[in-house]
Amino acid sequence: MKILETKYDPKAIEDRLYSLWEQKGYFKAKADKAKKPFTVMMPPPNITGQLHMGHAIDNTMQDILIRMKRMQGYSTLWLPGTDHASIATEAKIVESMRKEGIDKHDIGREEFLKRAWAWREKYGTRIVEQLKKMGSSCDWSRERFTMDEGLSKAVVKAFINLYEKGLIYRGEKIINWCPVCGTSISNAEVEYEEKEGALWYIKYPIENEDEFVTVATTRPETMIGDTAVAVNPDDDRYKHLVGKNVILPLVNKKIPVIADEYVEKDFGTGVVKITPAHDPNDFEVGLRHNLPIINAMNDDATMNDNAGQYSGLDRYEARKRMVKDLENARLIDKIEKHMHNVGSCYRCDSIVEPKVSTQWFVKMEPLAKPAVDVVNRSETEFVPSRFSKIYLNWMEDCHDWCISRQLWWGHRIPAYYCEDCGNVIVSDEMPNSCNKCKSSNIKQDEDTLDTWFSSALWPFSTLGWPDKTEDLQYFYPTNVLVTGYDIIFFWVARMIFSGVEYTGQTPFSTVLIHGLVRDELGRKMSKSLGNGVDPLDIISQYGTDALRFSLITGNSPGNDLRFSETKVEAGRNFANKIWNATRFVLMNFDENPDFSNICKCNFENPEKWILTRLNRVIKEVTDNMERFELGIALQKIYEFIWDEFCDWYIELVKPKLYDKQNPKRKEALYVLKYTLTNAMKLLHPFMPFISEEIYQSLADTEESIMISSWPVADASNDYTEYAKDMDVIMDSIKSIRNKRSELNIEVKMKSNIFFVSDDEHIRNTIQQGEQYFIKLASAKSISVFEDELKIPTNSISIILPGFKIFMPFKELVNIDEEITRLEKEYEKAIAEMQRAKSKLENEAFVSKAPVNLVDSEKQKYKKFEDLSHEIKQSLENLKCM
RNA sequence: GGAGGUGUAGCUCAGUUGGUUAGAGCGCUUGCUUGACAUGCAAGAGGUCGUUGGUUCAAGUCCAAUCAUCUUCACCA
């Protein structure tokens with residue numbers, strides 16, 4: 001039998017075990033009709049990304065669920081993959097090309113895509129390797145990429161279906177434009193932040209009059225595109241102006257004064273300039289009043305030719321100059337500081353520009369309805385449930401989704417335009433000729449689709465949809481989706497409506513939501529703050545198991561957690577504890593013990609006690625895990641292993657183990673191994689590496705804990721009554737230690753311990769436990785009596801329910817201190833007694849509360865009443881000394 | 001403005017459907033080279049569960065109000 005090192009070294013085993021698992025094919029899923037499927041789709045990380053704490057917690061949770069279900073005998077599939085992340089990836093490639101002095105337009109689309117694929121080959125596998133470091137037991141043979149052939153086919157199919165149903169349309173609308181990324185982005189991709197700006201009050205001269213109207217605006221530079229000035233129809237101050245014209249300063253153009261409900265009388269001057277091309281609200285007003293749309297800017301947010309002398313200037317530079325020119329013309333009435341929300345691109349953080357342009361949209365209303373229904377009908381449940389409200393809230397009033405992106409890296413929109421007649425053809429391949437005018441002069445749409453359009457199909461496209469593959473039929477719909485709450489709108493919502501639309505089924509029955517991992521100060525981890533903690537650093541310092549422990553323990557679902565290294569240390573210490581417990585067990589297996597003829601008749605109270613506890617922890621942990629209460633489950637495993645198994649059971653069996661002639665020694669070894677093995681099985685989903693290493697060094701049955709079966713409580717191991725006896729001994733030991741510590745008695749100082757009880761069963765239990773008192777309570781020997789006649793008069797007493805303990809330690813005791821202590825204890829007992837008494841005197845309690853509770857109050861009253869008498873007696877004895 | 005979260009020991013957080021004397025990790029105090037482990041063992045101090053009402057025999061837990069704090073959605077130029 002090998003003897004382990006005294007310290008657990010995760011580095012020495014983690015990589016080895018992971019490659020063993022992979023080699024053995026344990027991660028591979030099989031569509032096995034004899035078993036029930038359990039499927040989890042990994043949220044595909046971005047190929048440009050590197051592993052961060054968000055991935056770490058997300059993948060740990062998935063791995064926990066998958067490993068448990070695998071052990072429970074399900075046919076488990078955890079399907080991994082990566083996402084092409086069009087904006088982020090294209091930005092990175094453009095940036096790296098810029099360093100070489102190359103612009104993407106110089107080399108053209110085809111050449112650019114070649115580079116992009118090369119880039120993906122080079123960096124796309126990095127995150128995969130990092131996920132393996134986390135111990136993720138996903139089926140790498142089924143790994144998918146959102147731009148691989150099958151998934152691209154699914155995207156085209158989905159687009160065509162929606163188009164044919166009229167749920168995808170092309171239209172000119174005002175969208176969010178990122179001038180740096182050079183593309184449109186969806187509403188969800190804009191982040192709003194309160195920023196200090198200004199309100200410029202600008203005087204617009206009224207045509208043919210000497211009067212002005214003053215408009216207030218936060219964006220003076222867009223006045224180039226003004227096509228009207230609006231007032232509220234009920235605003236008496238301005239009623240007379242409606243229908244007249246004003247002269248747009250700097251441009252010297254006539255624009256009308258119109259009346260529209262949208263204008264708030266009380267804001268600013270009550271007069272608004274209307275710039276349909278540069279403001280979403282103005283765009284709507286423009287539609288209502290048939291106003292022309294005049295665009296003042298280029299795609300890179302410089303002013304365009306419509307801006308005349310300001311043409312070519314950046315939008316903010318143009319603002320400065322225009323304001324200056326207006327001031328010179330005495331057309332600025334005043335400038336006020338003004339706080340307002342400014343939208344910026346979630347990828348590059350530059351300020352987003354509302355822009356009118358022709359884009360493709362998904363019509364949301366018809367898709368949202370069934371997606372709301374599946375959640376209302378609980379076909380998909382959010383855990384914790386409060387997140388369903390957040391989902392429903394968003395889903396119930398979401399706008400049409402802008403899906404076209406002015407990028408090259410992504411799925412090119414399968415729409416073709418006839419250059420001659422303008423006909424639009426949506427098709428899975430380039431048509432030979434226009435189906436209207438027969439022209440062969442046909443061009444494909446230049447744009448690509450929003451990455452989320454393809455991620456939305458992830459739960460089924462990865463299984464082969466639109467083909468009816470065996471995998472799709474067996475593994476779909478999936479069971480659990482694990483993700484952070486920050487991505488409900490982006491992704492979860494879109495997967496649900498897509499799944500319902502294309503497959504007729506909700507893609508997953510449970511959405512398990514977790515919070516964000518924050519830094520030690522509670523701040524969001526971000527690149528710009530530089531406060532991110534690299535999971536790989538933590539792994540190399542403490543091991544993967546310790547990291548996983550720190551992310552799960554003491555956490556409740558959906559709540560953010562602060563990352564702290566001391567928690568990781570706690571995980572590492574726990575691993576070390578387990579390691580050493582195993583080391584201890586193995587050291588006592590002097591030869592390979594033969595457990596084939598174990599007799600339960602040789603189980604003594606400690607064996608019966610730990611087996612009873614094991615049963616309980618198996619049941620509770622399984623229940624907690626089924627309810628996704630992972631933090632509670634791990635906490636219970638931790639307490640079981642550390643407190644019950646190590647601190648108590650191992651200590652209790654030591655005397656037996658050291659006595660090689662003891663006929664019950666083998667049974668103790670058996671129970672040690674049995675308990676440890678089962679504890680490792682419970683722990684395995686959480687801390688896969690150490691549990692496997694321990695299992696393999698103990699087990700002679702199965703080759704890996706991964707494919708062993710999940711523990712089930714064994715009724716024949718329930719010794720509840722015996723466990724109670726053990727509790728009597730353990731409580732006594734604790735009280736004796738406690739007392740000795742209070743009295744500052746050294747551990748080495750042994751004594752005789754006397755027990756007195758009129759209960760024969762208690763007397764027997766204690767008598768049989770002598771060895772434990774000797775080992776764990778500094779006893780020289782013990783004596784058990786029915787009454788106090790033979791107890792030395794000058795003894796320290798401990799009063800426990802049903803019995804008393806005496807230690808003849810008069811010479812070591814400070815009597816005054818002891819009296820003070822007992823007086824305190826007396827008061828406490830009286831307080832508890834009165835508490836119980838007041839309950840029992842309350843007729844409502846006695847009549848309405850459940851009988852067992854009333855009984856337990858009665859017992860409690862009796863217990864404290866007895867206790868108080870005993871204490872009083874002891875006090876009187878002491879005072880006489 | 002809408003929606004939601006959080007507030008429990010010095011710190012970070014658990015506390016499942018209301019039910020013994022409210023828990024853990026870390027930190028702190030005291031004592032231990034106890035034949036697995038100092039990444040350890042034993043003992044201990046420390047909490048009027050944000051505040052105020054209410055429901056109930058019984059509230060950290062349910063309800064209402066209030067304060068503080070955070071997130072998110074939508075926004076008046």
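A, B, ... follow the sequence lines: proteins, then strands. Residue 1 opens every chain. Atom set for the values below is all heavy atoms of this structure, side chains included, hydrogens, waters and symmetry mates excluded.
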(request) Could you state the atom-to-atom distance from CG of A:Leu630 to P of B:C13 in whole Å? (result) 19 Å
(message) Under 4.0 Å, heavy atoms only, any strand: does A:Leu199 hit a base, just the sugar-phosphate, or nothing?
(response) nothing
(message) Quick check on B:A74: is either OP1 or OP2 less than 4.0 Å from any side-chain nitrogen or oxygen of A:His399?
(response) no
(message) My understanding is that a pair needs two contacts under 3.5 Å, Watson-Crick or G-U wobble. By that rule, which nucleotide pairs with B:C28?
(response) B:G44
(request) May I ask you to evaluate whether A:Lys524 reaches the phosphate of B:U71, defined as a side-chain N or O under 4.0 Å from OP1 or OP2? (result) no
(request) Answer with yes or no after comparing the ring centroid distance for A:His338 and A:Phe267 against a 6.0 Å cut-off, counting only values under it. (result) yes
(request) Indicate whether OP1 or OP2 belonging to B:U71 is found under 4.0 Å from a side-chain N or O atom of A:Asn559. (result) no
(request) Return the nearest nucleotide to the side chain of A:Ile632; candidates are B:U16, B:A36, B:A43. (result) B:U16
(request) To the nearest Å, give me how far apart CD (A:Glu569) and P (B:U39) are. (result) 10 Å
(message) Using a distance-only criterion (donor-acceptor N/O pair, under 3.5 Å, no hydrogens), is the base of B:C37 paired with the side chain of A:Lys577?
(response) yes
(request) Quick one: label A:Gln635 by what it contacts on the DNA or RNA (base, sugar-phosphate, nothing), any heavy atom closer than 4.0 Å. (result) sugar-phosphate
(message) When you measure from the centre of the six-membered ring of A:Tyr201, is the NZ or CZ of A:Lys334 closer than 6.0 Å and no more than 45° off the axis?
(response) yes
(request) Can you check whether any acceptor in the base of B:A36 is under 3.5 Å from a donor in the side chain of A:Glu651, or vice versa? (result) yes
(message) Output the rounded distance in Å from CD (A:Glu639) to C1' (B:G25).
(response) 11 Å
(message) Taking 5.5 Å and 30° as the limits, would you call A:Tyr658 and the base of B:G35 a stacked pair?
(response) yes
(message) Between A:Ser564 and B:U12, is there a contact of a side-chain N or O with OP1 or OP2 at under 4.0 Å?
(response) no
(message) OP1 or OP2 of B:C13 versus the side-chain N and O atoms of A:Arg562: is any pair under 4.0 Å?
(response) yes
(request) Give A:Arg627 one of three labels, base, sugar-phosphate or nothing, depending on what nucleic acid heavy atoms sit under 4.0 Å from its own. (result) base
(message) Taking only the P atom of each, what is the distance from B:U8 to B:U16 in whole angstrom?
(response) 16 Å
(request) Please step through salt bridge (Lys or Arg N to Asp or Glu O under 4.0 Å) for the pair A:Lys654 and A:Glu651, ending with a clear verdict. (result) CA-CA 5 Å; A:Lys654 274 180 178 174; A:Glu651 295 306 324; 3.1 Å; yes
(message) Classify A:Lys567 by what it touches in the nucleic acid, base, sugar-phosphate, or nothing, heavy-atom distance under 4.0 Å.
(response) nothing
(message) When the P atoms of B:G15 and B:G47 are compared, how many Å lie between them, rounded to an integer?
(response) 23 Å
(message) If the test is side-chain hydrogen bond (donor to acceptor under 3.5 Å, both in side chains), which one of A:Glu221, A:His278, A:Glu353 qualifies with A:Arg315?
(response) A:Glu353
(message) Give me the distance, rounded to whole Å, that separates B:A24 from B:C67 when you measure between the C1' atoms they each carry.
(response) 29 Å
(request) Just compare B:C37, B:A77, B:U39 and give me whichever is closest to any side-chain atom of A:Thr6. (result) B:C37
(message) Roughly how many Å apart are B:U6 and B:G60, using the C1' atom of each and rounding to a whole number?
(response) 14 Å
(message) Let's see if you can work this out: which of B:A36, B:A24, B:C41 has an atom nearest to the side-chain heavy atoms of A:Asp647?
(response) B:C41
(request) Give none if B:G18 has no partner; otherwise give the nucleotide forming a Watson-Crick or G-U wobble pair with it, both distances under 3.5 Å. (result) none
(message) Classify A:Tyr638 by what it touches in the nucleic acid, base, sugar-phosphate, or nothing, heavy-atom distance under 4.0 Å.
(response) sugar-phosphate
(message) For B:G40 and A:Asn573 - does any side-chain N or O of the residue sit under 4.0 Å from the phosphate oxygens OP1/OP2?
(response) yes
(message) Output the rounded distance in Å from CG (A:Asp486) to C1' (B:G4).
(response) 15 Å
(message) I want to verify a distance call: between B:A77, B:C37, B:G19, whose nearest atom is closest to the A:Arg583 side chain?
(response) B:C37
(request) Could you check which nucleotide pairs with B:G23 in any of the strands shown, counting Watson-Crick or G-U wobble with both distances under 3.5 Å? (result) B:C13
(message) Set out, in order, the CA-CA distance, both residues' side-chain angles and the distance that settles side chain to side chain contact (heavy atoms under 4.5 Å, CB included) for A:Asn588 and A:Arg665, then state yes or no.
(response) CA-CA 10 Å; A:Asn588 285 286; A:Arg665 184 172 181 271; 4.1 Å; yes
(request) For nucleotides B:U61 and B:C26, find the distance between their C1' atoms and express it as a whole number of Å. (result) 26 Å
(message) For the residue pair A:Lys577 and A:Phe645, would you count it as a cation-pi contact if the rule is NZ or CZ under 6.0 angstrom from the ring centre and within 45 degrees of the ring axis?
(response) no
(message) Once you apply a heavy-atom cut-off of 4.0 Å, does A:Lys654 come out as touching a base, just sugar-phosphate, or nothing?
(response) base
(request) For A:Ile578 and B:C37, give me the distance from atom CD1 to atom C1', rounded to whole Å. (result) 12 Å
(message) What contact category does A:His278 fall into here, base, sugar-phosphate, or nothing, at under 4.0 angstrom with non-hydrogen atoms?
(response) nothing
(message) If I compare all heavy atoms of A:Gly286 with all of A:Pro276, which pair ends up nearest, and what's the gap?
(response) CA-CG, 4.3 Å
(request) Tell me which nucleotide among B:G40, B:A77, B:G19 gets nearest to the side chain of A:Pro850. (result) B:G19
(request) Name the nucleic acid region contacted by A:Ala570, choosing base, sugar-phosphate or nothing; use a 4.0 angstrom heavy-atom cut-off, strictly under. (result) sugar-phosphate
(request) Show the numbers, then the answer: is there a side-chain hydrogen bond (donor to acceptor under 3.5 Å, both in side chains) between A:Glu381 and A:Thr510? (result) CA-CA 5 Å; A:Glu381 285 186 84; A:Thr510 302; 5.9 Å; no
(message) Please report the distance separating the C1' of B:U17 from the corresponding atom of B:C62, rounded so that it comes out in whole Å.
(response) 12 Å
(message) Roughly how many Å apart are B:A9 and B:G23, using the P atom of each and rounding to a whole number?
(response) 14 Å
(message) Any side-chain N or O of A:Trp642 below 4.0 angstrom from OP1/OP2 of B:C41?
(response) yes
(message) Looking at B:A59, which nucleotide sits across from it as a Watson-Crick or G-U wobble partner, both distances under 3.5 angstrom, or is there none?
(response) none
(message) Base, sugar-phosphate or nothing for A:Gly631? Non-hydrogen atoms, less than 4.0 Å.
(response) nothing
(message) Please name the nucleotide paired to B:G1 by Watson-Crick or G-U wobble geometry with both distances under 3.5 Å, or report none.
(response) B:C73
(message) Taking 4.0 Å as the cut-off, does a side-chain nitrogen or oxygen of A:Lys636 come that near to OP1 or OP2 on B:A24?
(response) no
(request) Take atom C1' in B:G5 and the same atom in B:A45, then report the distance between them in whole Å. (result) 34 Å
(message) Applying the Watson-Crick and G-U wobble criteria at under 3.5 Å, what pairs with B:U66? Answer none if nothing qualifies.
(response) B:G50
(request) Quickly work out the A:Leu652 CG to B:A42 P distance and round it to whole Å. (result) 12 Å
(request) Measure the distance from CG on A:Leu521 to C1' on B:C70 and round it to the nearest whole Å. (result) 15 Å
(message) How close do A:Gly225 and A:Ala296 get, counting heavy atoms only, and between which atoms?
(response) N-CB, 4.3 Å
(message) Looking at A:Asn738, I'd like to know whether one of its side-chain N or O atoms comes within less than 4.0 Å of OP1 or OP2 on B:G44.
(response) yes
(request) Look at the side chain of A:Arg386 and decide which nucleotide, out of B:G5, B:U71, B:C57, has an atom nearest to it. (result) B:G5
(request) Measure from CG on A:Asn393 to P on B:C73 and round the result to the nearest Å. (result) 11 Å
(message) Centroid separation under 6.0 Å, is that true for the rings of A:Phe490 and A:Tyr346?
(response) yes
